[in-house]
Amino acid sequence: MSNMRIAFIGAGNMAASLIGGLRAKGLDASQIRASDPGEETRGRVSSEHGIDTFADNAQAIDGADVIVLAVKPQAMKSVCEALRPSLEPHQLVVSIAAGITCASMNAWLGDQPIVRCMPNTPALLRQGVSGLFATARVSAEQRQQAQELLSAVGLALWLDTEQQLDAVTAVSGSGPAYFFLLVEAMTAAGEKLGLPREIAAKLTAQTALGAAHMVVSSDVDAAELRRRVTSPAGTTEAAIKSFQAGGFEALVEKALGAAAHRSAEMAEQLGQ
């Protein structure tokens, strides 16, 4: 990373999070550039992180080793086609846009080395997780560059096939919203059981945080942790049985299947 030069195309929340993570890991501000059409966005990122920003994408990528495409999926085709004349063959392109396949990007950019990844919103707190897939043109050194880039905001995991990114989208990309929904539901239920809403919300949020820490730090899986908490004929068992009687596991499987299917649909629609 000490010599890596990175250009961000798009300087929104996820790009700013990655920039902040890279700066925290010791990357010098002179090694990072960003472009964005919004003057206010450019000013904010420049003042917060001390980097140079540009309105023109071609200026931003000049001399870069890694180009991070952090634009809306709907804008990706036009952005890529405009960048194409300015690209150098050795420049690694890392896309964090959902639903845009490597084949589509190759058609728009030319035959560049491409890493496609799916980070999630906890990356904004540097607690994210990303799935990464590399095309055949990506070298071992470039894979390491992409790994270090995404590791700046959390865990980065390599995938064997690009199709697996649809599953990553379903599990972790969209996943934070599932937990937010559970927190909402538990807070509302606690309130109906007689707790003040503020207390129900704090109890639920802290319980979610503690449970997540236990899963991450434990040497056993979630099923075993659940069994250890579930005393026979106790309160937890009563709740778990109620969840399962309502088809909890099947509902989760159906929901993630719907997310993965929609991810594949988006790739087809946006890649044209």
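Quick note: numbers below take in every heavy atom, side chains included, and nothing from hydrogens, waters or symmetry partners. Given the structure is predicted, the values throughout are model-derived calculations rather than measurements.
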pair Phe54-Asp62: side-chain heavy atoms closer than 4.5 Å: no
Nearest 0.5 Å, please: how far is CE in Met214 from CG in Leu225? 5.5 Å
Exam field: side chain Asn120 to backbone Val129, donor-acceptor pair closer than 3.5 Å: yes
Distance-only side-chain donor-acceptor flag, Gln112 / Gln91, under 3.5 Å: no
Glu224 side chain near Ser218 side chain, heavy-atom distance below 4.5 Å: no
With Leu92, the side-chain contact (heavy atoms from CB on, under 4.5 Å) member among Leu149, Asp65, Ile67, Val115: Val115
Is it the case that the side chain of Ser172 and the backbone of Val168 share a donor-acceptor pair, with hydrogens and angles ignored and the cut-off at 3.5 Å? yes
So does Glu265 pair up with Arg262, basic N to acidic O under 4.0 Å? yes
Starting from Leu251, can I reach Ile240 by hopping between I/L/V/M/F/W/Y residues whose side chains sit under 4.5 Å apart? no
Rounding to 0.5 Å, atoms NZ (Lys72) and CG (Leu270) come to a distance of 12.5 Å
Step through the shown structure and confirm whether more than 12 heavy atoms of other residues, nucleotides or ligands are within 6.0 Å of CD on Glu198. no
With no hydrogens and no angle check, is any side-chain donor or acceptor of Arg33 less than 3.5 Å from a backbone partner on Gln59? yes
Greater than 12 external heavy atoms within 6.0 Å of Glu253's CD: no
State whether the side chain of Arg197 and the backbone N or O of Glu191 hold a donor-acceptor pair below 3.5 Å, judged by distance alone. no
Hey, could you give me the OG/CD1 distance between Ser95 and Ile100, rounded to the nearest 0.5 Å? 7.0 Å
How long is the span from the CG atom in Asp28 to the CG atom in Leu22, to the nearest 0.5 Å? 12.0 Å
In Å and rounded to the nearest 0.5 Å, what is the OG1 to CG distance from Thr187 to Leu203? 9.0 Å
Side-chain donor or acceptor of Ser17 paired with backbone N/O of Ala123 under 3.5 Å: yes
Which heavy-atom pair separates Val94 from Cys117 by the least distance, and what is that distance? CG1-SG, 3.9 Å
Interatomic spacing from CG in Asp111 to CG in Leu87 - rounded to 0.5 Å: 11.5 Å
Please check if the side chain of Ser46 supplies one atom and the backbone of Ile51 the other of a donor-acceptor pair under 3.5 Å. yes
May I ask you to decide if His49's main-chain N or O and Arg23's side chain share a donor-acceptor pair within less than 3.5 Å? yes
